[in-house]
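First up is the structure itself, then whatever we jot down about it.
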Amino acid sequence: MRILYLFSLLLLTTGVKAQTTKSYDQIDQEALQIPDRLTKSTRDIADYIKQHFDNPDDRSRAIFVWIARNIQYDLANMFAINFYENTSEVIDDVLKNRKGVCMHFAELYNEIANQSGIKSYVIAGYTKQNGFVDYIPHAWCGSLVGTDWYLFDPTWGSGYVQNEKFVNKLNNYYFKAKPEQLISSHMPFDPLWQFLSYPVTNQEFYEGKTSMNKTKPEFNYLDTLKQYEQQSETERLVSSAGRIEKNGVRNSMISDRLQHIKREIGYYNNKQMVETFNAATSLYNSGVNQLNQFINYRNSQFSPSKPDSEIQEMVDVAEKCFLASRDKLKEIKNPDPNVAGSIAQLNGSIDESMKNLAQQKDFLDKYFKTGKMFRKSLFYKYKWMGVPLN
């Protein structure tokens, strides 16, 4: 089962200056008018937002404000870890109980945003405030609004913790934050999600050196993101692991995340091997069935009669299945001992079936070369003095 990490809320200061300059008062008021009956699912919320807000900027604001005002931070469970919770369960839980930790806030925002036509991703990482790096990971979102990527932290944007109580107070600093600004406090595990041309290393983040440094090699995150969107899940994990390692494994949170990704890679590789082997097995079985059909047809002396082309096709299809099965097995790279043993066994079965097929093809070749008046005689064995005559 896939593993999800729990993320937590830091103590927030209330004096952070907002990054946004546009007035969203009207948007906020309308966003908070969503009827309660339409807030039971992300699809209903997204449909309402699409109907009432025309552009991605206003929609992202409506989503952010609705979550910030309607979802309470769950202080009682801020350290509770559920390694088996999936995205759907996370979202269902937060909409039902109207509370959660940052994982819930981020997943909820991300789901509604994508369903509202805003490309969005959940970002996993860690944070720093007042010069101190937190020891618990955090989650926020990156969304494409217009032509630019912005960062949204609906958890920190919803309020702060004071005297062991959550104070619900909208903080606009974490709405549509510019990547070059939020990097001072939010550090993604994978530097891709910094959305910066000159990514900050983990060591630099600890040292507070988050200003743009053009002496570094430029990183084309837009091209990398396009490539990411076209990759398989395994390819995404492999490339992410490489970027994380290159950016420096500075703390246990990064190490844990990296190890988790590597376990995921192992899981997907094993899953792919099993699926490939099963596909090879299915092709082999199809070949055996086709070969058996031919043998049964031969045993019935090719009755009822079929055109020569259809008879030939029966063995051709069987051969194609066997060859395709063998090719499919070659796709499996670096199998574990159990899979390697199964591959060897299946290859052995293919060899035996191909030998049988070769005998049937020899007979069929002789059959086609024999005049039609004498073909029936090929189904009988004639001997003279113990020596086969045909």
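Remember, predicted model here, so these are calculated numbers, not experimental data.
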Do [X] and [Y] touch side chain to side chain, with heavy atoms closer than 4.5 Å?
X	Y	answer
L192	S239	no
S353	I350	no
V167	V161	no
T127	S185	no
E264	H260	yes
Q312	F368	yes
N168	Y73	no
V238	I261	no

With distance as the sole test, does [X] use its side chain to make a donor-acceptor pair with the main-chain N or O of [Y] at under 3.5 Å?
X	Y	result
E319	D316	no
N296	N292	yes
S325	A280	yes
R59	S116	yes
N114	N110	yes
S60	P56	yes
N97	K99	no

Should [X] and [Y] be regarded as members of a common hydrophobic cluster, given that ILVMFWY residues are connected when their side-chain heavy atoms come within less than 4.5 Å of each other, either directly or indirectly?
X	Y	result
I332	L283	no
L38	I45	yes
V317	F294	no
V94	V122	no
L225	F219	yes

Identify the heavy atoms of Y380 and Q301 that sit nearest to each other, and give their distance.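 Closest heavy-atom pair between Y380 and Q301: OH-NE2, 3.2 Å.
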Please report the closest heavy-atom contact between A241 and I265, naming both atoms and the distance. CB-CD1, 4.4 Å
[Y] six-ring centre to [X] NZ/CZ under 6.0 Å and within 45° of normal:
X	Y	value
K306	Y297	yes
R375	Y367	yes
R236	Y228	yes
R298	F379	no

Working note: L329 + N347, criterion side chain to side chain contact (heavy atoms under 4.5 Å, CB included); need CA distance, chi angles, decisive distance, verdict. CA-CA 8 Å; L329 290 176; N347 270 320; 3.5 Å; yes
Check the pair F189, L258 against side chain to side chain contact (heavy atoms under 4.5 Å, CB included), reporting the backbone distance first and the verdict last. CA-CA 8 Å; F189 291 125; L258 185 59; over 6 Å; no
Does [X] pair with [Y] as a salt bridge, N-O distance under 4.0 Å?
X	Y	result
E229	K226	no
K96	D93	no
D74	R98	no
K176	D57	yes
D365	K369	yes

Do N356 and Q360 get their side chains close enough for a donor-acceptor pair, meaning under 3.5 Å?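 Yes - a donor-acceptor pair under 3.5 Å links their side chains.
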Any donor-acceptor pair under 3.5 Å linking the side-chain atoms of D190 with those of S240? yes
Mind listing the side-chain donor-acceptor pairs of residues 197-208 below 3.5 Å, one per line with the distance, residues two or more places apart or on another chain?
unit_1	atom_1	unit_2	atom_2	d
T201	OG1	E204	N	3.1
T201	OG1	E204	OE1	3.3
N202	OD1	Y126	OH	2.7
N202	ND2	N247	O	3.2
N202	ND2	G248	O	2.5
Q203	OE1	R250	NE	2.8
Q203	NE2	E207	OE2	2.8
E204	OE1	T201	N	2.9
E204	OE1	K216	NZ	2.6
E204	OE2	K216	NZ	3.3
Y206	OH	N251	ND2	2.9
E207	OE1	K209	NZ	3.2

Residue set satisfying ring-ring contact (aromatic ring centres under 6.0 Å, His included) with Y284, at least two apart, ordered chain then number -> F322
Of all residues at least two apart in sequence or in a different chain, which pass the ring-ring contact (aromatic ring centres under 6.0 Å, His included) check with Y48?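 Y48 satisfies ring-ring contact (aromatic ring centres under 6.0 Å, His included) with H52 only.
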Kindly assign one of parallel, tilted or perpendicular to the pair W193 and Y121, based on the angle between their ring planes and the thresholds 30° and 60°. tilted
With under 30° as parallel and over 60° as perpendicular, where do the rings of H186 and Y174 fit, or are they tilted in between?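 Aromatic pair H186/Y174 classed tilted.
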Measuring centre to centre across the rings, with the benzene-like ring taken for any Trp, is F175 within less than 6.0 Å of Y24?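 Ring centroids of F175 and Y24 are less than 6.0 Å from each other.
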Pair listing, salt bridge (Lys or Arg N to Asp or Glu O under 4.0 Å) test, anchored in residues 150-166, at least two apart: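 Passing the test, one end in residues 150-166: no pairs.
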Should E313 and K320 be marked as a salt bridge (Lys or Arg N to Asp or Glu O under 4.0 Å) after you check the CA-CA gap, both sets of side-chain angles, and the distance that decides it? CA-CA 10 Å; E313 185 179 14; K320 287 178 181 178; over 6 Å; no
For a side chain to side chain contact (heavy atoms under 4.5 Å, CB included) check, start with the C-alpha distance between L364 and V315, then their side-chain angles and the critical distance, and finish with the verdict. CA-CA 9 Å; L364 198 56; V315 294; 3.7 Å; yes
For Q115 and T42, what are the C-alpha separation, side-chain angles and deciding distance, and is it a side chain to side chain donor-acceptor pair (under 3.5 Å)? CA-CA 8 Å; Q115 291 178 348; T42 55; 3.1 Å; yes
Might you work through the side chain to side chain contact (heavy atoms under 4.5 Å, CB included) test for E180 and M212, ending with a clear yes or no? CA-CA 8 Å; E180 61 269 23; M212 183 184 298; 5.7 Å; no
Kindly write out the residues that satisfy side-chain contact (heavy atoms from CB on, under 4.5 Å) with A68, not counting sequence neighbours, or none if the list is empty.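 Counting only residues at least two positions away or on another chain, A68 forms a side-chain contact (heavy atoms from CB on, under 4.5 Å) with S158, L170.
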Under the side-chain contact (heavy atoms from CB on, under 4.5 Å) test, which residues partner E275, sequence neighbours left out?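 Listed in chain order: K271, Q272.
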Should D47 and Q51 be marked as a side chain to side chain donor-acceptor pair (under 3.5 Å) after you check the CA-CA gap, both sets of side-chain angles, and the distance that decides it? CA-CA 6 Å; D47 287 345; Q51 291 171 10; 5.7 Å; no
Please lay out, stage by stage, how N55 and D58 fare under the test side chain to side chain donor-acceptor pair (under 3.5 Å). CA-CA 6 Å; N55 59 71; D58 291 349; 3.1 Å; yes
Any chance you could lay out the salt bridge (Lys or Arg N to Asp or Glu O under 4.0 Å) test for R61 and D28, step after step, and finish with the verdict? CA-CA 7 Å; R61 176 64 180 189; D28 294 356; 2.8 Å; yes
